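These numbers come from a predicted model, not from an experiment. Along the sequence shown, the residues carry numbers beginning at 1.
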Amino acid sequence: MSDTNVKNPVAQSETSAKNGKRYKGYDLDKMTGQNARPKPWFWKILGISLVISAAIVAGACAYLLHSNQQTTNYISQINSANTIDTLLDGHENVKILISYSNLAEEDDYTTTRFVKMANSGDYYCYFKTEGTEDDYKEVIHNQKLYRYDEQFVYFYGLLDSDYEDVCVISINDGIYQVSESESIESQIESGDFVKIEAVYTVTEGDTYTSLYGLSAGDEVEQSLTLDKDTMVVLTAVESYNDEEIFSYTVEYDGDNKKPQFYKDLQSEDTDRVVTVYYDYEGDDEELYTFEIQSGVYFTLLDHDGYTVYMDAACETEFTEYQMEMQNAESELTLYVKKDS
């Protein structure tokens with residue numbers, strides 16, 4: 001675009017005065033009169049200019065839309081690739097390490113998740129937390145869920161689709177995902193890897209506000225390393241104000257991880273029987289029988305719209321207190337009934 005020089009009316013008036021003439025300003029009669037009408041070529045140039053301007057604006061809009069669409073598609077491809085099945089493809093096992101730092105109301109802590117495909121075709125998963133107020137270790141194996149809090153072992157009786165809807169989803173939820181609202185600043189290929197620098201702008205009420213105490217509008221810088229062929233995120237580091245708040249690392253084909261509490265369980269006989277009536281007295285009532293080791297506390301995952309009772313009359317609820325007070329040596333019968 002060329003610059004346009006506009007004469008200063010005051011300066012021109014002073015010059016005219018020196019020449020003995022009075023500056024009269026713009027002569028509207030001449031500007032709007034017949035003699036002052038623009039020539040035909042004026043309209044042609046004006047029309048061409050408008051067409052070119054419109055084309056430039058349309059092109060810029062189309063480019064931005066296309067660029068945004070490309071970014072969205074790229075992020076979608078990354079997220080689709082980051083599942084436990086993709087990570088295990090061609091590998092015996094995978095270990096995912098995550099660290100949380102500079103939290104708003106908690107101390108720094110880390111999580112470790114080790115996953116492999118068992119001979120049964122189900123996942124074997126060992127998960128532990130370190131640094132939290134209530135550290136625990138957890139094992140998912142043969143569609144069974146155990147948890148140990150350094151004091152007691154709990155067996156979670158999986159009902160209905162709990163294994164797929166809770167256990168498998170929790171494994172996949174531990175794998176890094178990229179927000180579609182992130183802004184990718186740069187992308188560099190190096191050998192078998194892709195390095196991405198991105199920025200995420202915090203919105204009101206999202207995880208960053210509750211977990212780190214950030215405010216809407218704050219920017220979180222993200223640095224990712226991807227496998228170029230699979231688009232699996234191998235490392236991710238998130239920072240705010242140049243301080244690291246989150247790190248994520250994927251490691252392949254390490255030693256099998258089996259916690260001691262689970263090794264001990266496997267050496268013991270399953271001599272305690274727990275019976276659960278799911279959807280008790282409902283249209284889809286189903287009987288579950290669990291055989292577990294003595295000394296293991298039995299519990300159930302929450303099911304929306306259902307209440308767990310300890311008696312067939314459904315008068316005494318199986319609360320957390322009742323669970324902790326159970327006799328871990330004797331048989332137990334529970335009734336899961338739909339709320340009226």
Side-chain angles (χ1 to χ4, degrees), residues 67-103 108-117 123-131 138 140 167-203 206-208 210-212 214 218-240 242-255 257:
S67 178
N68 291 338
Q69 184 64 42
Q70 281 187 320
T71 300
T72 301
N73 291 340
Y74 188 66
I75 292 175
S76 179
Q77 290 175 19
I78 294 174
N79 290 339
S80 296
N82 280 269
T83 66
I84 191 58
D85 290 334
T86 306
L87 267 65
L88 285 175
D89 187 21
H91 297 281
E92 180 182 345
N93 58 60
V94 62
K95 183 169 67 173
I96 300 172
L97 305 171
I98 298 177
S99 297
Y100 298 87
S101 307
N102 296 295
L103 300 172
D108 298 354
Y109 73 95
T110 62
T111 67
T112 302
R113 186 183 300 275
F114 173 89
V115 187
K116 70 176 184 177
M117 187 68 72
Y123 297 112
Y124 167 82
C125 176
Y126 167 47
F127 177 81
K128 69 174 180 178
T129 64
E130 295 176 284
E138 178 184 275
I140 300 170
C167 296
V168 175
I169 287 179
S170 72
I171 293 172
N172 276 299
D173 282 348
I175 300 173
Y176 193 85
Q177 294 281 289
V178 182
S179 171
E180 291 192 355
S181 59
E182 290 178 8
S183 173
I184 296 179
E185 303 294 308
S186 67
Q187 174 185 325
I188 302 174
E189 292 188 10
S190 177
D192 297 331
F193 308 103
V194 178
K195 185 70 175 291
I196 292 177
E197 300 294 335
V199 173
Y200 174 77
T201 303
V202 177
T203 59
D206 71 12
T207 304
Y208 292 91
S210 57
L211 196 59
Y212 300 103
L214 302 185
D218 289 342
E219 292 187 343
V220 177
E221 297 178 351
Q222 301 172 328
S223 179
L224 314 178
T225 303
L226 280 65
D227 179 277
K228 187 168 65 175
D229 293 333
T230 63
M231 300 190 76
V232 166
V233 177
L234 301 175
T235 65
V237 175
E238 298 185 354
S239 304
Y240 173 70
D242 296 326
E243 290 188 352
E244 184 177 302
I245 61 175
F246 173 89
S247 69
Y248 169 97
T249 304
V250 170
E251 297 179 1
Y252 288 110
D253 302 324
D255 296 334
K257 300 293 182 181

Can you tell me if [X] uses its side chain to pair, donor with acceptor, with the backbone of [Y] under 3.5 Å?
| X | Y | answer |
| --- | --- | --- |
| Gln177 | Asn79 | yes |
| Asp108 | Gly131 | no |
| Ser80 | Ser76 | yes |

Quiz item: How far apart are the C-alpha atoms of Leu97 and Thr110, what are their side-chain angles, what is the distance that settles it, and do they pass the side chain to side chain contact (heavy atoms under 4.5 Å, CB included) test?
Solution: CA-CA 7 Å; Leu97 305 171; Thr110 62; over 6 Å; no

Practice problem: Heavy atoms only: give me the nearest Glu219-Tyr240 pair and the separation to one decimal. | Solution: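 Residues Glu219 and Tyr240, closest heavy atoms: O-CD1, 3.4 Å.
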
Self-check item: Closest non-hydrogen atom pair between Arg113 and Ser170, with its separation
Solution: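 Result for this residue pair: NH2-O, 3.6 Å.
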
Quiz prompt | Side-chain heavy atoms of Asn82 within contact of Val178, under 4.5 Å | solution =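 SC-SC contact between Asn82 and Val178 ruled out.
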
For [X], give me all partners under side chain to side chain contact (heavy atoms under 4.5 Å, CB included), at least two apart in sequence or on another chain.
| X | answer |
| --- | --- |
| Asp227 | Asp229, Thr230, Leu234 |
| Asn172 | Thr83, Ile84, Val168, Ile175 |
| Thr203 | Tyr200, Asp206 |
| Tyr109 | Tyr100, Leu103, Glu106, Thr111, Thr132 |

Sequence neighbours excluded, which residues qualify as ring-ring contact (aromatic ring centres under 6.0 Å, His included) partners of [X]?
| X | result |
| --- | --- |
| Tyr248 | Tyr176 |
| Tyr252 | His91 |
| Tyr124 | His141 |

Practice problem: Please assess Asp85 against Tyr123 for the test side chain to side chain contact (heavy atoms under 4.5 Å, CB included), listing each intermediate value before the final yes or no. | Solution: CA-CA 10 Å; Asp85 290 334; Tyr123 297 112; 2.5 Å; yes

Which value, rounded to the nearest 0.5 Å, describes the distance between [X] atom [atom1] and [Y] atom [atom2]?
| X | Y | atom1 | atom2 | result |
| --- | --- | --- | --- | --- |
| Gln187 | Leu226 | CD | CG | 8.5 Å |
| Ile245 | Glu243 | CD1 | CD | 9.5 Å |
| Met117 | Leu88 | CE | CG | 6.0 Å |

Practice problem: Decide whether Glu221 and Ser223 meet the rule of one side-chain donor and one side-chain acceptor closer than 3.5 Å. | Solution: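 On atom types as modelled, these side chains do not qualify, holding no pair under 3.5 Å.
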
Exercise. Using the side chain to side chain contact (heavy atoms under 4.5 Å, CB included) rule, take Ile196 and Tyr74 through it: C-alpha gap first, then chi angles, then the decisive distance, then the call.
Key: CA-CA 12 Å; Ile196 292 177; Tyr74 188 66; 3.6 Å; yes

Exercise. List for me each residue that meets salt bridge (Lys or Arg N to Asp or Glu O under 4.0 Å) alongside Glu138, sequence neighbours excluded, and say none if there are none.
Key: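 Salt bridge (Lys or Arg N to Asp or Glu O under 4.0 Å) list for Glu138, sorted by chain: Arg147.
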
Self-check item: Residues forming a salt bridge (Lys or Arg N to Asp or Glu O under 4.0 Å) with Glu92, sequence neighbours excluded
Solution: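 Checked Glu92 against salt bridge (Lys or Arg N to Asp or Glu O under 4.0 Å); zero matches.
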
Self-check item: salt bridge (charged side-chain N to carboxylate O under 4.0 Å, His left out) pairs, two or more places apart, involving residues 186-197
Solution: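 Checked against salt bridge (charged side-chain N to carboxylate O under 4.0 Å, His left out) - neighbours excluded - the pairs reaching residues 186-197 are Glu189-Lys228, Lys195-Glu197.
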
Self-check item: Pairwise salt bridge (charged side-chain N to carboxylate O under 4.0 Å, His left out) hits with a residue in residues 246-255, at least two apart
Solution: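 For residues 246-255: Lys95-Glu251.
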
Quiz item: What residues, two or more places apart in sequence or in another chain, satisfy side-chain hydrogen bond (donor to acceptor under 3.5 Å, both in side chains) together with Thr225?
Solution: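 Result, side-chain hydrogen bond (donor to acceptor under 3.5 Å, both in side chains) vs Thr225: Thr235.
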
Quiz item: Can Leu87 and Ile96 be said to form a side chain to side chain contact (heavy atoms under 4.5 Å, CB included), step by step?
Solution: CA-CA 10 Å; Leu87 267 65; Ile96 300 172; 4.0 Å; yes

